[in-house]
Participant: 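Okay, here's the structure, questions in a sec.
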Amino acid sequence: MKSAKQMVNAAIYKEGIKYVEKDPMNNLSKLVGWAEKIVTAPAHKRDVELFKKIIKDPENNWYKLIERYCTELNKNTREKFLINFIVNSGIIGCPMLDKNKAKYNINIPWAILMDPTSACNLKCTGCWAAEYKKSTSLDFDTLDRVIREGKELGIYMYIYSGGEPLVRKDDLIKLAKKHDDCAFLAFTNATLIDDAFASQVEEVGNLGFAISVEGFEKETDMRRGKGTYKKVMDAMDILKKHGVVFGFSSCYTSKNVNAIGSEEYLDLMIEKGCMFGWYFTYIPIGKDAVMDLMATPEQREFMYHYVRKARETKPIFLMDFWNDGEYVNGCIAGGKSYLHINSNGDVEPCAFIHYSNVNIKDVSLLEALKSPIFVEYKKNQPFNHNHLMPCPLLDNPEKLREMVHNSGAHSTQPIDAEQVDDLTAKCAEASKKWKPTADKLWDESQKERDKYQKEKEEQNV
């Protein structure tokens with residue numbers, strides 16, 4: 001539960017946000033001033049100091065991103081983002097999470113990823129969702145209960161995947177309205193987005209989208225079907241017109257790295273209105289997974305350098321979920337930062353790790369977090385001292401094999417149940433090939449970090 005102090009601080013901050021909204025760019029310094037008085041966590045204090053530096057430099061790409069946020073998004077979305085994402089999920093939620101982690105001695109995630117449905121209007125090559133039945137779904141009451149129980153633990157961030165979550169448009173809007181203190185994000189192929197739906201999203205303000213796109217027209221239509229790229233571009237135009245927050249979600253494979261890793265592609269995404277971009281690498285889930293889509297070590301290293309360079313120059317927030325392991329102390333799954341509940345209700349440690357001990361329809365969220373597979377994750381994280389090899393499947397397959405066997409978790413893929421020994425065997429060679437490159441990059445990164453720390457210490461002397 002929130003403490004009295006947290007509620008008072010949140011109320012003050014929310015009033016401050018409403019004041020800032022009258023003239024966002026000119027009032028940013030006042031918002032930072034309020035934040036300095038309220039935040040208590042060391043990480044949040046560092047964020048505030050960084051923000052102070054950014055807003056003093058109008059030429060900085062991060063300043064330009066803030067400017068885009070203030071000018072391209074509608075007022076309701078801006079306000080809900082600051083209150084729900086920054087205040088509720090961060091300033092209020094994080095201390096609650098830390099308190100409950102210590103109380104129960106378990107991992108408790110910052111975000112929960114749920115699949116409202118397994119149904120989808122597309123059939124994309126290599127999609128892990130294709131391994132589930134197309135008739136399963138989480139009913140509204142179950143989704144609502146997970147959110148209610150999550151908020152009791154300090155979780156205010158909820159993400160939808162699928163299937164195609166927008167098959168359940170009405171329920172997503174209803175949940176956003178009912179839980180207007182939470183931030184919601186839906187991974188979507190965007191082909192079901194129209195003007196009427198965008199108007200509803202604009203009204204609720206607390207629902208955003210991560211739009212799946214594989215590069216330009218050639219690359220996207222190759223994996224997602226002819227005509228998909230054009231529909232995605234049209235959907236982005238609609239969302240931008242309504243000032244709804246959205247970004248792109250791109251899976252890099254051996255076939256599209258040159259496209260999604262190009263300045264032309266990133267500039268297009270920014271022009272279309274993307275505020276963020278999430279990069280994933282292809283994981284061979286399922287017995288019939290297309291193995292030659294896996295990125296090579298050279299391609300993975302290319303994306304490592306590309307994303308870091310782009311972060312310094314482009315007005316967009318970028319994440320690479322494997323290559324950014326060094327910033328989050330390795331793997332974030334297993335309830336450490338997030339977990340996955342599939343459309344059948346199976347509570348899995350990760351969207352790419354389809355093994356579970358419990359079903360959310362039978363247990364509470366807290367009970368699910370205490371299940372054996374999550375205990376194994378907590379006991380073994382991080383899976384490698386080199387956080388550029390964070391994944392227990394792609395980078396440390398022996399770890400996943402050990403955890404699944406120790407926990408007695410079962411495969412949750414009803415169509416194509418895959419034994420963990422078979423799955424990890426497919427990734428063993430890729431793991432060995434990536435290690436020399438990962439070790440080189442890690443050593444370079446640590447030297448840079450040590451150099452930066454030394455310079456900082458000398459400046460403080």
Participant: Checking the side chain of Asp195 only, and the main-chain atoms of Ile238 only, is there a donor and an acceptor separated by less than 3.5 Å?
Facilitator: no
Participant: Val347 and side chain to side chain contact (heavy atoms under 4.5 Å, CB included): which single residue from Val358, Ile112, Asp362, Val146 fits?
Facilitator: Val358
Participant: Are Phe383 and Tyr377 an aromatic pair by the rule of ring centers under 6.0 Å?
Facilitator: yes
Participant: Not counting sequence neighbours, which residues clear salt bridge (charged side-chain N to carboxylate O under 4.0 Å, His left out) with Asp234? List them please.
Facilitator: Lys230
Participant: Under 3.5 Å, is there a donor on one side chain and an acceptor on the other for Thr424 and Arg401?
Facilitator: yes
Participant: Are Lys314 and Glu263 ion-paired here, with the side-chain N under 4.0 Å from a carboxylate O?
Facilitator: yes
Participant: Compute whether any side-chain donor of one residue and acceptor of the other, for Asp144 and His179, lie under 3.5 angstrom apart.
Facilitator: yes
Participant: Within a radius of less than 6.0 Å around CG of Asp237, do more than 12 heavy atoms belonging to other residues, nucleotides or ligands occur?
Facilitator: yes
Participant: What is the minimum heavy-atom distance between Asn323 and Leu388, and which atoms define it?
Facilitator: O-CD2, 3.4 Å
Participant: Working to the nearest 0.5 Å, report the span between CG of Asn406 and CD of Glu402.
Facilitator: 5.5 Å
Participant: If you take all heavy atoms of Pro165 and Gly163, which pair is closest and at what distance?
Facilitator: CD-O, 3.5 Å
Participant: Check this for me: Lys231, atom NZ, are more than 12 non-hydrogen atoms of other residues, nucleotides or ligands nearer than 6.0 Å?
Facilitator: no
Participant: Counting N and O atoms only, with roles assigned by atom type, does the side chain of Arg78 sit under 3.5 Å from a partner on the main chain of Glu72, one being a donor and the other an acceptor?
Facilitator: no
Participant: Go through Asn357 and His410 one step at a time and tell me if the side chain to side chain donor-acceptor pair (under 3.5 Å) criterion holds.
Facilitator: CA-CA 7 Å; Asn357 297 105; His410 60 86; over 6 Å; no
Participant: Taking the six-membered ring for Trp, are Tyr265 and Phe248 ring centroids under 6.0 Å apart?
Facilitator: yes
Participant: Do the two ring centres, one from Phe352 and one from Trp322, sit under 6.0 Å apart?
Facilitator: yes
Participant: Closest heavy-atom contact between Arg68 and Pro315?
Facilitator: NH1-O, 2.9 Å
Participant: Can you see whether Asn342 engages Asn344 through a side-chain donor-acceptor pair at a distance of less than 3.5 angstrom?
Facilitator: no
Participant: Thr412 and side-chain hydrogen bond (donor to acceptor under 3.5 Å, both in side chains): which single residue from His354, Glu348, Glu418 fits?
Facilitator: Glu348
Participant: Is a side-chain donor or acceptor of Tyr306 paired with a backbone partner of Ser262 at a separation under 3.5 angstrom?
Facilitator: yes
Participant: Nearest 0.5 Å please: distance from the OG atom of Ser250 over to the CE atom of Met303.
Facilitator: 8.0 Å
Participant: Which value, rounded to the nearest 0.5 Å, describes the distance between Leu393 atom CG and Cys350 atom SG?
Facilitator: 8.5 Å
Participant: What verdict does the side-chain contact (heavy atoms from CB on, under 4.5 Å) test give for Glu326 and Leu441, after you've listed the backbone C-alpha separation in whole Å, the side-chain angles of each residue and the deciding distance to 0.1 Å?
Facilitator: CA-CA 11 Å; Glu326 64 179 312; Leu441 293 173; over 6 Å; no
Participant: Using the rule given for side chain to side chain donor-acceptor pair (under 3.5 Å), can you reason through Thr117 versus Ser137, listing the C-alpha separation, both sets of side-chain angles and the distance that settles it, and then say yes or no?
Facilitator: CA-CA 4 Å; Thr117 180; Ser137 64; 5.6 Å; no
Participant: By salt bridge (charged side-chain N to carboxylate O under 4.0 Å, His left out), which residues pair with Glu203, not counting sequence neighbours?
Facilitator: none
Participant: Determine yes or no for a side-chain-to-main-chain donor-acceptor pair under 3.5 angstrom, with Asp324 supplying the side chain and Phe321 the backbone.
Facilitator: no
Participant: For Ala190 and Ile211, which heavy atoms make the closest approach, and how far apart are they?
Facilitator: CB-CG2, 3.6 Å
Participant: Assess the residue pair Asn74 and His242 against the criterion (side chain to side chain donor-acceptor pair (under 3.5 Å)); give the C-alpha distance rounded to whole Å, side-chain angles, the decisive distance to 0.1 Å, and a yes or no.
Facilitator: CA-CA 7 Å; Asn74 68 69; His242 285 271; over 6 Å; no
Participant: Could you tell me whether Lys433 atom NZ has more than 12 heavy atoms of other residues or ligands within 6.0 Å of it?
Facilitator: no
Participant: Check whether Lys426 reaches the backbone of Pro284 with its side chain - one donor and one acceptor, N or O, closer than 3.5 Å.
Facilitator: yes
Participant: Report yes or no: is the cationic atom of Lys174 (NZ for Lys, CZ for Arg) under 6.0 Å from the centre of the six-membered ring of Phe140, at an angle within 45° of the ring normal?
Facilitator: yes
Participant: Does the pair Arg148/Glu152 count as a salt bridge with the N-to-O cut at 4.0 Å?
Facilitator: no
Participant: Without swapping roles, check the side chain of Trp434 against the backbone of Glu298 for a donor-acceptor pair under 3.5 Å.
Facilitator: no
Participant: Between Ser254 (side chain) and Asp292 (backbone), is there a donor-acceptor pair under 3.5 Å?
Facilitator: yes
Participant: How close do Met114 and Tyr158 get, counting heavy atoms only, and between which atoms?
Facilitator: CE-CD2, 4.2 Å
Participant: Would you check if the side chain of Asn396 reaches a backbone N or O of Met389 as a donor-acceptor pair within less than 3.5 Å?
Facilitator: yes
Participant: Could you tell me whether a side-chain N or O of Asp115 sits under 3.5 Å from a main-chain N or O of Ser118, the two making a donor and an acceptor?
Facilitator: no
Participant: So, the side chain of Asn206 versus the backbone of Ala176: is there a donor-acceptor pair under 3.5 Å, distance only?
Facilitator: yes
Participant: With a 4.0 Å cut-off, would you call Lys80 and Asp180 a salt bridge?
Facilitator: no
Participant: Side-chain donor-acceptor pairs under 3.5 Å in residues 365-375, sequence neighbours left out?
Facilitator:
residue, atom, partner, partner atom, Å
Glu367, OE1, Ser364, N, 2.8
Glu367, OE1, Ser364, OG, 3.3
Ser371, OG, Ala368, O, 2.7

Participant: What verdict does the salt bridge (charged side-chain N to carboxylate O under 4.0 Å, His left out) test give for Asp320 and Arg308, after you've listed the backbone C-alpha separation in whole Å, the side-chain angles of each residue and the deciding distance to 0.1 Å?
Facilitator: CA-CA 9 Å; Asp320 181 334; Arg308 280 157 178 74; 5.8 Å; no
Participant: About how many Å separate NZ of Lys151 and CG of Asn88, when rounded to the nearest 0.5 Å?
Facilitator: 9.0 Å
Participant: What's the separation between atom SG in Cys182 and atom CG in Leu175, rounded to the nearest 0.5 Å?
Facilitator: 10.0 Å
Participant: Go through the structure and list residues passing salt bridge (charged side-chain N to carboxylate O under 4.0 Å, His left out) with Glu217, not counting sequence neighbours.
Facilitator: none
Participant: For Phe85 together with Trp110, are the ring centres under 6.0 Å from each other?
Facilitator: yes
Participant: Find the distance between OG (Ser337) and CG (Asn107) and round it off to the nearest 0.5 Å.
Facilitator: 8.5 Å
Participant: Using the salt bridge (charged side-chain N to carboxylate O under 4.0 Å, His left out) rule, pick out the option among Lys432, Arg300, Lys435 that qualifies with Asp395.
Facilitator: Arg300
Participant: How would you list, by chain and number, every residue that makes a side chain to side chain contact (heavy atoms under 4.5 Å, CB included) with Ala210, sequence neighbours excluded?
Facilitator: Leu185, Phe187, Ser249, Phe276
Participant: Taking salt bridge (charged side-chain N to carboxylate O under 4.0 Å, His left out) as the definition, give me every residue that meets it alongside Glu429, ordered by chain and number, with sequence neighbours left out.
Facilitator: none
Participant: Between the side chains of Ser212 and Asn189, is a donor N or O closer than 3.5 angstrom to an acceptor N or O?
Facilitator: no
Participant: Which pair of non-hydrogen atoms, one from Asn386 and one from Asn384, has the smallest distance, and what is that distance?
Facilitator: N-OD1, 2.8 Å
Participant: Does either side chain, that of Thr228 or that of Thr220, offer a donor lying less than 3.5 Å from an acceptor on the other one?
Facilitator: no
